[in-house]
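Have a look at the structure below before the remarks.
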There are 2 protein chains.
Amino acid sequence: MSILTCQGVYMIGGMSLRYALLGLLSAAGPSSGYDLAKLFENSINHVWRAGHSQIYPELSKLHADGLIEVEAEGPRGRKIYAITPQGRAELHQWLLEKGREGPVRSEGALQAFLISALPPAEAIGVVERVRAMFERRLADLEARHEQMSGGSGGDYFGRYALDLGLRQTRTFLEWADATIADLRARAGS
Amino acid sequence: MSILTCQGVYMIGGMSLRYALLGLLSAAGPSSGYDLAKLFENSINHVWRAGHSQIYPELSKLHADGLIEVEAEGPRGRKIYAITPQGRAELHQWLLEKGREGPVRSEGALQAFLISALPPAEAIGVVERVRAMFERRLADLEARHEQMSGGSGGDYFGRYALDLGLRQTRTFLEWADATIADLRARAGS
DNA sequence: CGCCCCATGTAATAAGTTACATGATTTT
DNA sequence: AAAATCATGTAACTTATTACATGGGGCG
């Protein structure tokens with residue numbers, strides 16, 4: 001008796017990496033694993049992370065499943081993958097699927113939560129530190145935005161995600177300011 | 001030759017569940033694994049997730065490491081854990097630690113990113129669906145906020161996290177509206 | 001007595017991270 | 001020739017998810 005897994009049965013959630021890769025291949029055109037790792041790092045990074053050690057094996061699986069194909073081979077074993085029609089279909093399917101309330105995971109927000117466990121005076125320091133981190137992120141995203149909108153016309157890749165990232169980072173900073181003010185009031189009382 | 005892991009060497013990132021549990025025990029007082037699973041579900045859920053199958057083993061480890069102790073035992077094998085001074089110290093340490101830019105992971109935002117891969121007309125539907133999901137979350141958070149602020153004085157648990165959740169959810173809705181408008185403009189052109 | 005909730009766990013699998021390992025090409 | 005970067009992979013481990021499994025206690 002063998003339990004059918006993944007392709008066969010269960011796994012309704014998850015598989016995000018798979019679709020992230022299909023999405024990148026769809027939007028950025030044919031790319032190598034190396035390219036995709038880079039793309040991940042400086043586009044999708046603030047939303048989902050993956051290193052090359054996760055990307056290469058996943059590309060193999062995608063290839064085995066016929067969702068991508070090797071379009072060409074370059075210099076040092078460089079393989080350029082392209083999304084296939086089946087791949088495109090699966091991606092669309094996944095995006096259109098409903099009832100999916102996938103994983104949410106933010107260590108920054110978790111810390112925000114846990115400061116309730118600290119005395120106000122100490123909590124302030126923690127919030128300030130996290131705030132500084134997000135400040136840096138905002139600068140990074142703004143630079144990227146500048147760079148992108150400076151480019152061609154209006155249709156750059158990841159435009160909506162970048163916009164979302166900017167909004168959320170700014171919101172986080174606002175929250176941090178409000179929280180610090182509140183903590184100060186409590187500490188001072 | 002044995003490779004020292006975790007307690008001994010590496011693992012600088014990660015361990016978030018561990019600290020989430022310590023934080024809950026610190027803020028909510030002595031609780032059983034079951035209680036903690038419940039607490040997770042309706043307090044910290046929008047920030048970090050964990051099911052009981054992850055919680056129980058982690059509690060065992062925390063106990064083995066002396067960061068929590070069994071304060072009492074109840075009816076059906078119910079064990080009530082309390083955070084120890086060492087546990088409190090570790091939690092503070094972790095919160096104060098710097099240079100930590102932990103994992104960020106949001107499937108909603110990932111989908112937002114990937115819509116670039118869809119023709120505008122289809123993308124609108126996707127964004128609308130995700131938007132609806134966040135609308136439900138907002139209602140949920142608002143209800144919780146209502147409930148909490150209705151309670152005692154001002155010092156409820158997870159107050160800051162809830163505030164952050166509300167702000168971020170509202171921001172997401174704003175983004176969705178702007179994006180839908182933009183997509184409509186593009187689809188109509 | 002039967003049902004629902006309390007309460008705890010384990011097993012199997014999937015997903016993610018860090019470190020290890022190797023070698024080719026381009027740039028300085 | 002050395003250094004940086006391109007390029008791909010594997011191994012070992014941790015973390016997370018889903019399903020399986022069991023039994024006590026309260027209530028109608």
### Task
Report which part of the nucleic acid B:Gly51 touches: base, sugar-phosphate, or nothing (heavy-atom distance under 4.0 Å, all strands).
nothing
Hey, does B:Gly77 reach any base, or is it just sugar-phosphate, or nothing, if we go heavy atoms under 4.0 Å?
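Counting heavy atoms under 4.0 Å across all strands, the contact made by B:Gly77 is with sugar-phosphate only.
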Original post:
Would A:Met15 end up clustered with A:Val104 when hydrophobic side chains under 4.5 Å apart are linked, directly or stepwise?
Top reply: no
Rounded to the nearest angstrom, tell me the gap between atom [atom1] in [X] and atom [atom2] in [N].
X        : N      : atom1 : atom2 : result
B:Leu59  : C:dT10 : CG    : C1'   : 15 Å
A:Trp48  : C:dA15 : CH2   : P     : 10 Å
A:Ile80  : D:dC6  : CD1   : C1'   : 13 Å
A:Leu62  : C:dA14 : CG    : P     : 15 Å
B:Leu110 : C:dA15 : CG    : P     : 14 Å
B:Met15  : D:dA16 : CE    : P     : 10 Å
B:Leu39  : C:dC6  : CG    : P     : 13 Å
A:Phe40  : C:dA15 : CZ    : C1'   : 13 Å

base_contact_polar (C:dT8 base, B:Ser32 side chain, donor-acceptor, <3.5 Å):
no
key: base_contact_polar (D:dT15 base, B:Ser16 side chain, donor-acceptor, <3.5 Å)   =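 Not at all, since no donor on one side and acceptor on the other fall under 3.5 Å apart.
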Nearest to the side chain of [X], heavy atoms from C-beta on, is which of [options]?
X       : options                : value
A:Tyr56 : C:dA7, D:dT10, D:dT8   : D:dT8
A:Lys79 : D:dG9, D:dT10, D:dT15  : D:dG9
B:Gln54 : C:dG16, D:dT17, D:dA11 : D:dT17
B:Asp35 : C:dA7, D:dT15, C:dA11  : C:dA7

| field | Test ring pair (Phe, Tyr, Trp, His ring centres under 6.0 Å) applied to B:Phe134 - qualifying residues, sequence neighbours left out | value |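 By the ring pair (Phe, Tyr, Trp, His ring centres under 6.0 Å) rule, B:Phe134 matches B:Phe172.
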**Prompt:** Where do B:Arg159 and B:Asp163 land on the salt bridge (Lys or Arg N to Asp or Glu O under 4.0 Å) test, with the steps shown first?
**Reply:** CA-CA 6 Å; B:Arg159 120 198 226 95; B:Asp163 181 33; over 6 Å; no
| task | Decide yes or no on salt bridge (Lys or Arg N to Asp or Glu O under 4.0 Å) for B:Asp140 and B:Arg136, but give the supporting numbers first. | result | CA-CA 6 Å; B:Asp140 175 61; B:Arg136 282 196 298 278; over 6 Å; no
Are B:Thr84 and B:Glu69 close enough, and set up right, to give a side-chain hydrogen bond (donor to acceptor under 3.5 Å, both in side chains), and what steps lead you there? CA-CA 6 Å; B:Thr84 63; B:Glu69 61 186 355; over 6 Å; no
By nearest nucleotide on DNA chain C, pick out whichever of B:Arg105 and B:Arg78 is the more 5' one.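 Result of the comparison: B:Arg78.
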Within residues 22-42 of chain A or reaching into it, pairs that qualify as ring pair (Phe, Tyr, Trp, His ring centres under 6.0 Å) - sequence neighbours excluded: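 For residues 22-42 of chain A: none.
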I would like to know whether A:Gln111 and B:Tyr19 meet side-chain hydrogen bond (donor to acceptor under 3.5 Å, both in side chains); could you show each step before the answer?
CA-CA 9 Å; A:Gln111 296 198 336; B:Tyr19 298 102; over 6 Å; no
Restricting both atoms to N or O, compile the protein contacts to nucleotides 21-28 of chain C shorter than 3.5 Å, with distance only.
from: C:dT25; atom 1: O4'; to: A:Arg76; atom 2: NH1; distance (Å): 3.2

* To do: Give a yes/no on whether any side-chain N or O of B:Tyr34 is located under 4.0 angstrom from OP1 or OP2 of C:dC6.
  => yes
Any A:Lys38 side-chain N or O less than 4.0 Å from OP1/OP2 of D:dA7: no
| Trace of the salt bridge (Lys or Arg N to Asp or Glu O under 4.0 Å) decision for B:Arg170 with B:Glu174 | CA-CA 6 Å; B:Arg170 289 196 189 108; B:Glu174 283 166 25; over 6 Å; no
